[in-house]
Amino acid sequence: MIEVIPKKNISASDLKILRSISSLGFSEIKAASSKGKPIRRFEIFGSEWQTERMELVAIYNLYASNSGTPFFILDTETDKPKKISSKELSSKFEFWREIELETQMNSDLENGYIKSPSEFEPHDEDWA
């Protein structure tokens, strides 16, 4: 899982940014900030992945374009949660996309839609 955690001591302009990436209200975002709790969670390959991956890309673009973003990204996919950089998140996007494409290709092969991996064409646009 990937979590978006607001930084401590956020300003009114920070709240505006955080509110744009979360459905939480201002008081809930302030509380999350003071407690170090997430304001967004993304379950990789979860039931809402098709939609959430694009929202995560939008958050990534904000994270990568501004070193002063009022949040950080926490990777909780391992036993030890870790803050990750925009570069690390970008690498994860590429890895997840490879898994998606491999899964699509294997499905096409198993269902007889293609006879060899060289015939494979992605089912969707590249988002990573």
Side-chain angles (χ1 to χ4, degrees):
M1 187 168 302
I2 297 294
E3 297 180 344
V4 179
I5 313 287
K7 292 180 180 175
K8 303 266 185 210
N9 303 319
I10 52 177
S11 67
S13 61
D14 292 340
L15 273 171
K16 183 177 178 182
I17 292 169
L18 295 168
R19 182 68 180 91
S20 74
I21 62 174
S22 173
S23 62
L24 298 178
F26 290 124
S27 61
E28 293 168 303
I29 292 172
K30 284 182 181 180
S33 172
S34 67
K35 296 176 183 175
K37 299 289 183 184
I39 58 169
R40 285 294 304 266
R41 286 190 168 113
F42 296 91
E43 184 180 349
I44 310 310
F45 302 123
S47 61
E48 301 297 318
W49 180 239
Q50 293 292 324
T51 303
E52 286 191 335
R53 67 184 184 187
M54 299 313 296
E55 294 170 9
L56 186 55
V57 167
I59 290 171
Y60 159 79
N61 288 333
L62 181 61
Y63 192 47
S65 68
N66 183 353
S67 62
T69 54
F71 61 87
F72 61 88
I73 304 294
L74 190 67
D75 178 1
T76 60
E77 290 189 294
T78 61
D79 293 338
K80 188 177 179 184
K82 174 188 169 198
K83 287 183 188 180
I84 59 174
S85 67
S86 59
K87 186 175 181 179
E88 289 170 309
L89 184 56
S90 178
S91 294
K92 287 185 170 295
F93 286 164
E94 291 172 16
F95 175 70
W96 296 329
R97 183 61 178 161
E98 287 174 16
I99 292 171
E100 284 181 343
L101 293 174
E102 186 174 322
T103 301
Q104 290 174 11
M105 182 182 67
N106 288 339
S107 176
D108 285 359
L109 285 165
E110 289 173 12
N111 290 310
Y113 300 133
I114 58 174
K115 294 185 188 315
S116 72
S118 63
E119 297 175 19
F120 174 70
E121 291 186 23
H123 299 183
D124 53 7
E125 291 185 34
D126 190 5
W127 57 269

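Values below: every heavy atom of this structure, side chains too, minus hydrogens, waters and symmetry copies. Computed from a predicted structure; not experimentally measured.
- Checking Asn61 against Ser65 by side-chain atom types alone, no donor-acceptor pair falls below 3.5 Å.
- Residues satisfying the salt bridge (Lys or Arg N to Asp or Glu O under 4.0 Å) test with Asp75, not counting sequence neighbours, are Lys92.
- Although no hydrogens or angles enter the test, the distance criterion places a donor-acceptor pair under 3.5 Å between the side chain of Arg19 and the main chain of Leu24.
- As a member of the Ile/Leu/Val/Met/Phe/Trp/Tyr network built from side-chain separations under 4.5 Å, Ile114 groups with Leu101, Met105, Leu109, Phe120.
- Here the straight-line distance linking atom CG of Asp14 with atom NZ of Lys8 works out to 14.0 Å at 0.5 Å rounding.
- At least one donor-acceptor pair under 3.5 Å links the side chain of Thr76 to the backbone N or O of Met1.
- Atom-to-atom distance recorded for Ile10:CD1 and Leu15:CG is 4.0 Å, nearest 0.5 angstrom.
- The line from CD of Gln104 to CZ of Arg97 is 5.5 Å long, rounded to the nearest 0.5 Å.
- Taking the six-membered ring for Trp and the full ring otherwise, Trp127 and Trp49 have centroids separated by under 6.0 Å.
- Distance NZ/Lys82 to CG/Leu74: 10.5 Å, rounded to 0.5 Å.
- Under a 3.5 Å cut-off, the side chain of Ser34 and the backbone N or O of Ala31 do form a donor-acceptor pair.
- Taking the six-membered ring where the residue is Trp, Phe71 and Tyr63 present parallel rings, their angle staying beneath 30° rather than reaching 60°.
- Put simply, CD1 on Ile29 and CZ on Arg40 are 11.0 Å apart, with the number rounded to the nearest 0.5 Å.
- Atom CD of Glu77 is separated from atom CD of Glu3 by 11.0 Å, given to the nearest 0.5 angstrom.
- Glu110 contributes no side-chain N or O that, together with a main-chain N or O of Ser107, makes up a donor-acceptor pair within less than 3.5 Å.
- Across all non-hydrogen atoms, the minimal contact from Pro38 to Ala32 is O-CB, 4.4 Å.
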